[in-house]
Amino acid sequence: MKNLPKSINPTPIVSASIEIRFNINCPYEAVFGMLYSTLSSKYEKYEELPIVNIPEKIRIQDNLLETPHYRFYNEDSPFSLLVAPKLFVYVYSKQDLNNDANDYPGWSEFIYKELVELYESIFKIGFIQDVYKLGIRYNDFFKDINIFDHTTFNLVDTNHKRKDTISTQITQTKHIDNTINNISISNNALFQNKFGKYNGSMIDTDTFMVNFDKEFKSNYKEYLQKCHAVNKKLFYENLKDEFIESLNPIYEDEL
């Protein structure tokens, strides 16, 4: 396996989400109150999402307990939390494509540490009975390029003529080391926020686990690191080496 960069600059990551889904040992309506007392010290604001207006009976019948009910956030921060009775999601969203002030801060340097702190605090509350899914998803956006010019594979016809020079999306599913991975690569993607709209290419890498050989709450650090490592490897293995080198990679031995 080729040596993977610790980081590239500028980072193409425009969003990342790390989620857990779980069963609980308390009434559904009690989850928000228990989480609020823990999360409000770090996230100053919260908002109700539209699903909260749906009667609880319907939410339960329609299996909407894994759909976000509330969002915790701080003003002008790229980080937020999405909460539902059976769902907890840590989210990073790049706010301005032309400003590196809110760039993705790194997995080992920041994200992983934040997750450990958050998981320790919510597991301590005691309402989570067991975790049945862990998911890590990254979206990487490349402005004004056709990403298929830089991938290790291309879509060609029977005459070996490339067919991915027009609007193209390719999706793959891979099973690796007890993880399920959905990778979608598109050369006709749109990144949009309050500062503008940008055309380009997107690599969407979604890694998740639904089977844990050991109890999750006691071994979540191991599972987080495994899912992140697989996700990162899949991103880089789809790119040509020369393209990676054009992105100013920094490797561990250069630090």
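Note that the coordinates shown come from a computational prediction; the quantities given were computed from them, not determined experimentally.
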- Task: Could you tell me which non-hydrogen atom of Ser186 sits nearest to which non-hydrogen atom of Ile147, and how far apart they are?
- Result: O-CG2, 3.9 Å

- Item | Ring centers of Tyr138, Tyr104 separated by less than 6.0 Å | yes

- Just by distance, do the side chain of Asn231 and the backbone of Thr205 share a donor-acceptor pair under 3.5 Å? yes

- Query: Picking from Glu120, Glu215, Lys214, what satisfies side-chain hydrogen bond (donor to acceptor under 3.5 Å, both in side chains) with Tyr220?
  - Reply: Glu120

- Distance-minimising heavy-atom pair for Val131 and Phe212: O-CE1, 3.7 Å

- Query: Do other residues, nucleotides or ligands put more than 12 heavy atoms under 6.0 Å from the OH atom of Tyr112?
  - Reply: yes

- Task: Show your working on side-chain contact (heavy atoms from CB on, under 4.5 Å) between Asn238 and Phe153 and close with a plain yes or no.
- Result: CA-CA 8 Å; Asn238 281 314; Phe153 60 90; 3.4 Å; yes

- Message: So Gln129 and Ile24, do their side chains get closer than 4.5 Å, heavy atoms only?
- Response: no

- Close side-chain approach of Asn146 and Arg162, heavy atoms under 4.5 Å: yes

- Item | Distance-only side-chain donor-acceptor flag, Ser201 / Asn187, under 3.5 Å | no

- Using side-chain hydrogen bond (donor to acceptor under 3.5 Å, both in side chains) as the criterion, point out the one residue from Asn99, Asp100, Asp103 that pairs with Lys94. Asp103

- Centroid-centroid distance, Phe110 to Phe79, less than 6.0 Å: yes

- Message: Looking at every heavy atom in both Glu66 and Leu87, which two are closest together, and how far apart are they?
- Response: O-CD2, 3.0 Å

- Do Ile18 and Leu134 have side chains that get closer than 4.5 Å, going by heavy atoms? yes

- Query: What heavy-atom pair brings Cys227 and Thr179 nearest, and what distance separates the two atoms?
  - Reply: SG-CG2, 4.3 Å

- Query: Are a donor atom and an acceptor atom from the side chains of Tyr198 and Asn193 found within less than 3.5 Å of each other?
  - Reply: no

- Would you kindly confirm whether Tyr92 and Val116 end up in one hydrophobic cluster when ILVMFWY residues are joined by side chain heavy atoms under 4.5 Å apart? yes

- Could you verify whether a donor N or O on one side chain and an acceptor N or O on the other, from Ser184 and Gln169, lie under 3.5 Å apart? yes

- State the CZ-CZ distance between Phe22 and Phe127, to the nearest 0.5 angstrom. 4.5 Å

- Task: Carefully, step by step, assess Ile8 and Tyr236 under the rule side-chain contact (heavy atoms from CB on, under 4.5 Å).
- Result: CA-CA 11 Å; Ile8 51 180; Tyr236 280 113; 3.6 Å; yes

- For the residue pair Leu190 and Asn199, establish whether any side-chain heavy-atom pair is separated by less than 4.5 Å. yes

- Take atom CD of Glu222 as the centre, draw a 6.0 Å sphere, and report whether it contains more than 12 heavy atoms from other residues, nucleotides or ligands. yes

- Item | Whether Phe123 and Phe216 hold their rings parallel, tilted or perpendicular, with breakpoints at 30° and 60° | perpendicular

- Message: Quick one: does any side-chain atom of Lys233 pair with a main-chain N or O of Leu4 as donor and acceptor, under 3.5 Å?
- Response: no

- Are Leu81 and Leu65 grouped together when hydrophobic residues (ILVMFWY) are joined by side-chain heavy atoms under 4.5 angstrom apart? yes

- Query: More than 12 heavy atoms of other residues, nucleotides or ligands under 6.0 Å from NZ of Lys163: is that the case?
  - Reply: no

- Item | Non-hydrogen side-chain atoms of Lys133 and Lys86 separated by less than 4.5 Å | no

- Item | Step-by-step side-chain contact (heavy atoms from CB on, under 4.5 Å) determination, Phe191 to Asn139 | CA-CA 10 Å; Phe191 176 77; Asn139 283 305; over 6 Å; no

- In Å, rounded to the nearest 0.5 Å, how long is the span from CD1 of Ile170 to CG of Leu155? 5.0 Å

- Closest heavy-atom contact between Lys6 and Ser108? NZ-CB, 4.2 Å

- Just by modelled atom types, is the Met209 backbone N or O under 3.5 Å from a matching donor or acceptor in the Lys226 side chain? no

- Atom pair CD1/CG of Ile176 and Asn178 - distance to nearest 0.5 Å: 11.5 Å

- Go through Tyr46 and Phe32 one step at a time and tell me if the ring pair (Phe, Tyr, Trp, His ring centres under 6.0 Å) criterion holds. CA-CA 11 Å; Tyr46 80 90; Phe32 172 75; 5.2 Å; yes

- Determine, stepwise, if the pair Glu19 / Arg21 fulfils salt bridge (charged side-chain N to carboxylate O under 4.0 Å, His left out). CA-CA 7 Å; Glu19 72 167 48; Arg21 302 189 183 200; 2.6 Å; yes

- Between Asp213 and Tyr223, does a side-chain contact (heavy atoms from CB on, under 4.5 Å) hold up when you go through it step by step? CA-CA 10 Å; Asp213 54 3; Tyr223 294 126; 2.6 Å; yes

- For the residue pair Ile20 and Ile122, establish whether any side-chain heavy-atom pair is separated by less than 4.5 Å. yes

- Identify the two heavy atoms, one from Thr38 and one from Ile125, that lie closest to each other, and give their separation to 0.1 Å. OG1-CD1, 3.3 Å

